[in-house]
Amino acid sequence: MALIIHNTLTRNKQPFEPLIKGKVGIYVCGVTVYDHSHLGHAKSAINFDLIVRYLRYKGYDVTHITNFTDVDDKIIARANEMGIEPLELSRTMIEKYHKDMSSLKVKRADVYPKASETIPDMISMVSGLIERGYAYESNGSVYFSVSKAKEYGKLSGQSLDQMVAGARIEPGEDKRDPMDFALWKAAKPGEVFWESPWGKGRPGWHIECSAMCLKHIGKTVDIHGGGTDLVFPHHENEILQSEAYNDAPYVRYWMHNGMLTIDSEKMSKSLKNFFSIEDILKKYAPEVLRFFILNASYRAPLDYDEGSLDETKKALEKLQNSYGSMKNAISLASGTDDAKALTEKAMTDFEARMDDDFSSREAIAVMYDLTREANRLHSDGRLSKQGAENVVAVLDKFNDLFDVLTDRKTNVVKEDNVSASEQVSAEVSGENLDDVSADELADEGRIRFWVLRRETARKTKDFAYADRIRNKLAEFGIDIQDSKEGAVWKRK
RNA sequence: GCCGGGGUGACAGAGCGGCCAUGUGGCGGACUGCAGAUCCGCAUACAGGAGUUCAAAUCUCCUCCCCGGCCCCA
């Protein structure tokens, strides 16, 4: 089936056709690095992580670019407060960003261009725009003249007339028209600056993305992504600059992720209602966070509140449990059903959902359907070893994209994998349960020993003792569950 | 004010013309020594009003409410 993508430009879903067959150039707006990343940034990164992974899954040769804005008013202001150089601050924050994202298992982009390293490209673009009559210099700054633009507002639906009503010129700006925007800003005393044909200064915000797209992908990029908050004016202005400079369509598909909200309000640094990724990961596994984000539509706003991650954690455990039990069943199942009918349907449905604008939540629903059916086969004793393998293979494919299941080891203690000596020692040994220590249980053999003792106790209907063993091991984070295939233990 | 996106069962969140979403929670049942896991079943769901249609949560119009953007922002 063919992939369709929702394009902000047309506000419709369209079949995806890259400029060059088989290749995709995707540019995703990155962050302004003046502070730690929060959950909202994680949402954007994880949404696009899945999109890129799925494009690769579909066989496209993908070039993924994400920028860092490391030259900006807020960075300068923060650095001044801290008494350090702006680029030093941004360098630290970039490192932190990479660290956070890798702890969330976000795959790296192919290139992370920085504004500070793209200055010459921006300068030549600005010069070109002046030459072509789209921009003008004024007191050391350069502005893009919106009155020269042919199609103002085609992405956001804004019209110039309406915008002009509310716009005003800030003191110290030298614009001819209030809606004009800065391509290059003359340096104020004491600020970082670069030399340019217009004197000392630094680039405006919008120009960096245009320059980076051109440099790393080309005149036309297949997919340009970012948060919905960037649609206007950032992306709108990028279109104006790039199309004026390149004489080519700038972007084929605009993709915008919905904002993460907290108690229904947008999470943002300025509102001070954010949670840093680092803090959240102290309480929850990265898989839980990924699942929370992927278990929703990338385009819709996603509301976070106190209980959402706890609920997500339970929901994910359901899949994880099935994954674990299917893995065990590969060696232990005894039925004859190879589950082919299930797994083939699951794969078809899964891809159909993902092909429909990366509907991850629906794709997840398909996985729940699959595991429910597989669990039923398994508990009815109908699932074969091959069947378990087939189910695991599908879940692994799913997981290559979503990265939410872990290979956490579960261990089955069952008659036919227990040696005679283990059995004897479990029966005759008189060791004291109260002396059990974490050190002892570091040895899996000792865990098996206690699990076997418990089995023996259960056989002789000494349930009080069996329960004491289970409770004792639980104190050390070892969870024992009885199943038809024997006792299963795992470290929590 | 202008431009977008929404209002779905206890809750979270899909679907966008006819058929079961899915998950969490609740209740009942199966299995089990117990626990857990798993399975099965149950619950006045589609903001309100009018219309189109054989058929509407899904299309059209109106009303009400929420969120985002319009300075920076994923």
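A, B, ... follow the sequence lines: proteins, then strands. Residue 1 opens every chain.
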**Request:** With C1' as the reference atom in both, quote the distance from G6(B) to C16(B) in angstrom, rounded to an integer.
**Result:** 14 Å
**Asked** What interatomic distance, in whole Å, is found between C1' of A43(B) and the corresponding atom of G49(B)?
**Response** 28 Å
Have a look at [X] and say if it touches a base, only the backbone sugar-phosphate, or nothing, with a 4.0 Å heavy-atom cut-off.
X	answer
G226(A)	sugar-phosphate
A42(A)	nothing
D72(A)	nothing
N375(A)	sugar-phosphate
S297(A)	sugar-phosphate

**Asked** Thinking salt bridges, do K385(A) and D338(A) make one under a 4.0 Å N-O criterion?
**Response** no
**Message:** Closer than 4.0 angstrom, basic N to acidic O: yes or no for R376(A) and E373(A)?
**Reply:** yes
**Request:** Mark yes or no for whether S141(A), through its side chain, and A186(A), through its backbone, hold a donor-acceptor pair below 3.5 Å.
**Result:** yes
Polar-atom pairs under 3.5 Å, protein N or O versus N or O of nucleotides 22-25 of chain B: list them with distances, or write none.
from   : atom 1 : to      : atom 2 : distance (Å)
U22(B) : OP1    : R372(A) : NH2    : 3.4
U22(B) : O2     : R361(A) : NH1    : 3.1
G23(B) : N2     : E311(A) : OE2    : 2.7

**Prompt:** Closest to the R11(A) side chain: G4(B), G68(B), A37(B)?
**Reply:** G4(B)
Examine [N]: is either OP1 or OP2 under 4.0 Å from a nitrogen or oxygen in the side chain of [X]? Give yes or no.
X	N	answer
T32(A)	A74(B)	yes
R299(A)	G5(B)	no
N257(A)	A74(B)	no

For [X] against [Y], the heavy-atom pair lying closest together:
X	Y	result
D180(A)	V146(A)	OD1-N, 2.9 Å
E238(A)	H206(A)	CG-O, 3.7 Å
A115(A)	V71(A)	CB-CG2, 4.2 Å

**Message:** Would you call the rings of F232(A) and Y152(A) parallel, tilted or perpendicular, taking 30° and 60° as the class edges?
**Reply:** perpendicular
Between the protein and nucleotides 27-36 of chain B, which nitrogen or oxygen pairs are less than 3.5 angstrom apart?
from   : atom 1 : to      : atom 2 : distance (Å)
G33(B) : O6     : R454(A) : NH2    : 3.4
G33(B) : O6     : R458(A) : NE     : 3.2
G33(B) : N1     : D467(A) : OD1    : 3.0
G33(B) : N2     : D467(A) : OD1    : 3.4
G33(B) : N2     : D467(A) : OD2    : 2.6
C34(B) : O2     : R470(A) : NH2    : 2.5
C34(B) : N3     : R470(A) : NH1    : 3.1
C34(B) : N3     : R470(A) : NH2    : 3.3
C34(B) : N4     : D482(A) : OD2    : 2.6
A35(B) : N1     : D482(A) : N      : 3.1
A35(B) : N3     : R470(A) : NH1    : 3.1
G36(B) : O2'    : Q481(A) : NE2    : 2.7
G36(B) : N1     : D482(A) : O      : 3.4
G36(B) : N2     : D482(A) : O      : 2.5

**Request:** Assign each of T69(A) and K13(A) to its nearest nucleotide of RNA chain B by heavy atoms, then name whichever residue's nucleotide is nearer the 5' end.
**Result:** K13(A)
**Pair assignment for RNA chain B - dot-bracket with | for other-strand partners, Watson-Crick or G-U under 3.5 Å** = (((((((..(((.....[...))).(((((.......)))))....(((((..]....))))))))))))....
**Fill in**
When K105(A), H64(A), R290(A) are each screened for side chain to side chain donor-acceptor pair (under 3.5 Å) with D49(A), the one that passes is R290(A)
